[in-house]
Structure formats: structure tokens, C-alpha cells
Amino acid sequence: MNLDKRDIILREIQYWRRSKLLPEQYCDFLTNLYDDQAEIKDSNPVSLRNLQQGSIKIWLFGFGIISLIFLISLYFSVFPWPLQLATALCVLIVCYGYSAIYQDRNKMISLMLAGIGSVLTLGFGLWLIALHDLDPDFWRPLLIAGCGLLWCVLGFFLRIGLLHFCGFAFWALLYAGFFGQARPDASILELELLWLPLCVLMIWLSWLLYHRVNGVSGVYLGVGVSLWLMPEIDALWLRSGFPEWTSIVLILKIAAGLALLFIFRKKWITWVAS
């Protein structure tokens, strides 16, 4: 409800109060109702109305945040490494912390802050590895593992499905890279045995969590469906030397997966919607 309509309704309530067309208690109830709605709507500090009517403190706060971002971007590389690490951790804590605070107040701001925090987590990690000439063969997998764990935990507790899914995707990438080095000459049968048990496990967890935890079973189902195709994706994109018929197997598995989803649609749609 915009400001003009609210003012018109409040004036009408005052008219009803003066003319005694409605009981005094009911007029008080309507007045408090529309005042509470206005407060809830204006609780977003970056709304256009608050920027237009806000005090100088809001503008100074915005100027300080923008200046801090440019300061970190320009001088981060010359900070000593403890200050670099502390700066990165503070920025991430602020992003994820305010994402949790705004989860119930404003879902869009919460998602934006979680997304910014996730991009900065990966960006700061890669930046630190490059600045200090760290061994990428050791630190990049460690960064991937840390990001995957962090996003899985935050996605679970904040009920952000995409963040939760990205955490599992990073762990799948790490899993594929490890076994790609351990078994570079694995056959397609070995790859099927490598990925399909995880697919069954994630779908079972999706069913199990549907009965116990709300809002996460759809993520586990999505991970399980993705792992159903990972043997062929692993063979075609992450390895070399596999025959062309592997792509035909991938198409057949996609068709089989869609058929299974269609047959059991009444069950898995319930899981996703929970």
C-alpha cells in the first residue's frame, strides 16, 4: 500500500471516529493496523522512501560503506597477511550475519547478502592464494572444500536452497578431482560405481529429511538427480579417451531419469514443496 492510499484511509478512519459511525475501539484497531503495516514496509533501510525521507545519518552510513569497499579493494594487497585474513573474515561475517538477520524481515536482501558473501568467500580465497604465491595444487582444493562445507552449513540453517546446493556441487567437484588423479584410467563401469551409490544416498536423505526437517529435502533431491548424470559428465568433460557412445549413454540416462521423475512425480513434488 503506497503512502497516498494509506493517508486517505487514515483520514476516513478519523472521519468515522468523529462522526461516531464506527465504535471507538474499532477505529483504534484500524489505525494501529495501518500504522503497523507502514512500519513493516519501511523497515527496509535501503527503500526509496527511506532514502528520500531519511536523515543525514543514512546517507553518511551509505557513504561510509562505499568508501570502505573501495578502500579494501585498493589497499588489500598491501595489508600484512594477518590484517588481510581478518578483513576478509570481517566482511564475510557481516554479509552472512545480516543475511541471517534479514531472513524474516526481507527475503530478497537476505538472499543478496548471502550471494555477495559467497562470491567474496571464493574471491578472497583465490586472491590470497595469488598474492602469497601459495601452492595452488594444495590450497585450491582446500579452498573448494572449505567453501563447500561453509555453504552446506549456512544453506541448511538459513534455508537457502541454492547456496546449499552449491556447497554440495563444490564437494562433488572435489570428489571428481580426487578420483580423477587416483584413477585416471577408470572405465565407465567404475565411474558408475563411483557416483551412483552417492545418488541413491542423496535421494534417500531427501526422503528421510522430508519427514524430519522442512525446506531441505528438495535440495537433496536435486543433488541426487545431478549425481545420476555425473558418471557420463565425469567421463566426457573431466577425462579423455572415452568413446563417442558415452554421450549416447548420457542421453539415455537423461531419458530414464525424466521417466522416473514422471512416474514418481506425486512423491518428489511433495518433497520439494515441503
Side-chain angles (χ1 to χ4, degrees), residues 111 114-115 118-119 121-123 125-126 129 135-156 160-210 215-265 267-269 271-272:
L111 293 175
S118 302
V119 173
T121 302
L122 187 59
L126 294 175
I129 292 173
D135 184 12
D137 292 335
F138 174 78
W139 287 100
R140 285 181 181 173
L142 189 62
L143 175 63
I144 291 174
C147 288
L149 179 61
L150 177 66
W151 297 345
C152 282
V153 173
L154 291 176
F156 179 85
I160 301 177
L162 182 59
L163 185 63
H164 201 175
F165 182 88
C166 289
F168 280 110
F170 266 45
W171 275 95
L173 179 63
L174 190 67
Y175 182 79
F178 174 78
F179 281 101
Q181 294 181 352
R183 289 285 298 166
D185 56 346
S187 65
I188 189 65
L189 180 60
E190 289 179 286
L191 293 180
E192 297 287 348
L193 294 176
L194 189 67
W195 290 101
L196 291 186
L198 293 178
C199 168
V200 175
L201 175 64
M202 297 307 297
I203 294 177
W204 176 76
L205 284 176
S206 174
W207 170 81
L208 183 66
L209 292 176
Y210 161 66
V216 297
S217 59
V219 176
Y220 286 83
L221 179 64
V223 174
V225 171
S226 301
L227 293 176
W228 169 255
L229 305 176
M230 276 304 298
E232 288 70 32
I233 294 176
D234 190 350
L236 294 172
W237 293 354
L238 304 179
R239 301 171 187 264
S240 59
F242 278 85
E244 296 181 356
W245 54 262
T246 306
S247 57
I248 300 177
V249 176
L250 177 61
I251 295 174
L252 292 176
K253 287 188 71 173
I254 293 175
L258 291 175
L260 290 173
L261 289 176
F262 177 77
I263 293 172
F264 298 102
R265 62 190 183 277
K267 294 184 178 296
W268 67 263
I269 289 178
W271 301 352
V272 173

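Values in this document were obtained by computation on a predicted structure and should not be read as measured data.
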**Request:** Going by the side chain to side chain contact (heavy atoms under 4.5 Å, CB included) test, name the single residue among Leu261, Ile203, Leu260, Val225 that passes it with Trp268.
**Result:** Leu261
**Prompt:** Please walk me through it: do Leu236 and Leu250 pass side-chain contact (heavy atoms from CB on, under 4.5 Å)?
**Reply:** CA-CA 10 Å; Leu236 294 172; Leu250 177 61; 4.1 Å; yes
**Complete:** Those residues at least two apart in sequence (or on a different chain) that pass side chain to side chain contact (heavy atoms under 4.5 Å, CB included) with Lys267 are Phe264
**Prompt:** Any donor and acceptor pair, going by atom type alone, linking the side chain of Ser217 with main-chain N or O of Trp207 inside 3.5 Å?
**Reply:** no
**Request:** Determine yes or no for a side-chain-to-main-chain donor-acceptor pair under 3.5 angstrom, with Ser118 supplying the side chain and Ala114 the backbone.
**Result:** yes
**Prompt:** Going from CG on Leu173 to CD1 on Ile144, what distance comes out if it is rounded to the nearest 0.5 angstrom?
**Reply:** 5.0 Å
**Complete:** In this structure, CZ of Arg265 is separated from CD1 of Ile269 (nearest 0.5 Å) by 7.5 Å
**Prompt:** Do you know which two heavy atoms are closest between Ala176 and Asp234, and how far apart they sit?
**Reply:** CB-OD2, 4.5 Å
**Asked** Is there side-chain contact between Val249 and Ile188, with at least one heavy-atom pair below 4.5 Å?
**Response** no
**Distance-minimising heavy-atom pair for Gly167 and Cys152** = C-SG, 3.5 Å
**Closest approach of Phe165 to Ser226 (non-hydrogen atoms, all atoms of both residues)** = CZ-OG, 3.6 Å
**Asked** At their closest point, which heavy atom of Phe170 faces which heavy atom of Gly148, and how far apart are they?
**Response** CB-CA, 4.0 Å
**Request:** Rounded to the nearest 0.5 Å, what's the gap from CG on Leu198 to CG on Leu205? Could you check?
**Result:** 10.5 Å
**Asked** Do the side chains of Ile248 and Ile251 get nearer than 4.5 Å, heavy atoms only?
**Response** no
**Complete:** Hits for side chain to side chain contact (heavy atoms under 4.5 Å, CB included) against Leu111, two or more places apart or cross-chain, chain-then-number order -> Lys107, Ile160
**Message:** I'd like to check Ile233 versus Trp195 (side-chain heavy atoms, cut-off strictly below 4.5 Å). Are they in contact?
**Reply:** no
**Val219 to Gly161 - nearest heavy-atom pair and separation** = CG2-CA, 3.6 Å
**Request:** Kindly compute the distance separating CZ (Arg140) from SG (Cys147), expressed to the nearest 0.5 Å.
**Result:** 13.0 Å
**Prompt:** Stepwise, does the side-chain contact (heavy atoms from CB on, under 4.5 Å) test hold for Arg183 with Asp185?
**Reply:** CA-CA 5 Å; Arg183 289 285 298 166; Asp185 56 346; 3.8 Å; yes
**Prompt:** At what distance, to the nearest 0.5 angstrom, does CD of Gln181 lie from CG of Asp137?
**Reply:** 7.5 Å
**Message:** Could you measure the distance from the CG atom of Leu142 to the CD1 atom of Ile129? Nearest 0.5 Å is fine.
**Reply:** 8.0 Å
**Item:** Validation row: Tyr220, Phe168 side chains within 4.5 angstrom (heavy atoms)
**Value:** yes
**Fill in**
Of all heavy-atom pairs linking Gly224 and Cys199, the shortest is O-SG, 3.2 Å
**Message:** Once side chain to side chain donor-acceptor pair (under 3.5 Å) is applied, what residue pairs with a partner in residues 162-175 remain, sequence neighbours excluded?
**Reply:** none
